[in-house]
Trainee: 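Here's a structure for you.
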Amino acid sequence: YFVDNASQFCNHFCPPAAKFAVGSLVRGKDNKRAQRNGYAGKTGLVMDTGSYVKVHWMGEEYPPRYNYGFPQRDLELVSAA
C-alpha cells in the first residue's frame, strides 16, 4: 500500500467524516460524469453515506434496480437534515 503524503496515510486509518448526512437533500451537479450517468440536475434524499452516497431520487422507486452509490464530488447540498 503506497501513499503520496501523510494525510493520505492518516485518512486510510481514520477516514474523514461524510460530506452529506443521512436525510440531506442533494442535487446532482451539472458535470460530464453526472450527465453521462443520468443524475445531473436531479434532486434526491441521502439514504446512506460513505465515499459513495446512496440517494433516493425524487420520482423514482427505491431501492432502484441497480443500487449503486454516487460519488460525493458529483453532488451538491440543497438542504441539510
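Heavy atoms only: backbone and side chains are in, while hydrogens, waters and symmetry mates are out. These figures come from a predicted structure and were not determined experimentally.
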Trainee: The criterion is side chain to side chain contact (heavy atoms under 4.5 Å, CB included); which residues satisfy it with Phe2, sequence neighbours excluded?
Mentor: none
Trainee: So which heavy atom on Tyr39 is nearest to which on Pro71, and how close?
Mentor: OH-CD, 3.7 Å
Trainee: Which residues satisfy the side chain to side chain donor-acceptor pair (under 3.5 Å) test with Gln35, sequence neighbours excluded?
Mentor: Asp30
Trainee: Using side chain to side chain contact (heavy atoms under 4.5 Å, CB included) as the criterion, point out the one residue from Leu77, Leu45, Val55 that pairs with Leu25.
Mentor: Leu45
Trainee: Among residues two or more places apart or on two chains, list those pairs meeting salt bridge (Lys or Arg N to Asp or Glu O under 4.0 Å) that have a residue in residues 19-28.
Mentor: Arg27-Glu76
Trainee: Where do Gly50 and Ala18 come nearest, in terms of heavy atoms and distance?
Mentor: N-CB, 4.4 Å
Trainee: With sequence neighbours excluded, give me every salt bridge (Lys or Arg N to Asp or Glu O under 4.0 Å) pair touching residues 33-43.
Mentor: Arg33-Asp74, Lys42-Glu60
Trainee: Specify the closest pair of heavy atoms between Phe20 and Leu75, including all atoms of both residues, with the distance to one decimal.
Mentor: CZ-O, 3.5 Å
Trainee: For residues Val26 and Gln72, determine if any side-chain heavy atom of one lies less than 4.5 Å from a side-chain heavy atom of the other.
Mentor: no
Trainee: Provide the closest heavy-atom pair for Ala21 versus Ser24 in the form atom of the first, atom of the second, distance.
Mentor: O-OG, 2.9 Å
Trainee: Name all residues meeting the side chain to side chain donor-acceptor pair (under 3.5 Å) criterion together with Asp4; count only those two or more places apart in sequence or in a different chain, and write none if there are none.
Mentor: none
Trainee: Can you say whether the rings of Phe70 and Trp57 are parallel (under 30°), tilted (30 to 60°) or perpendicular (over 60°)?
Mentor: perpendicular
Trainee: Could you work out, with side chain to side chain donor-acceptor pair (under 3.5 Å) as the rule, every residue matching Asn37, not counting sequence neighbours?
Mentor: none
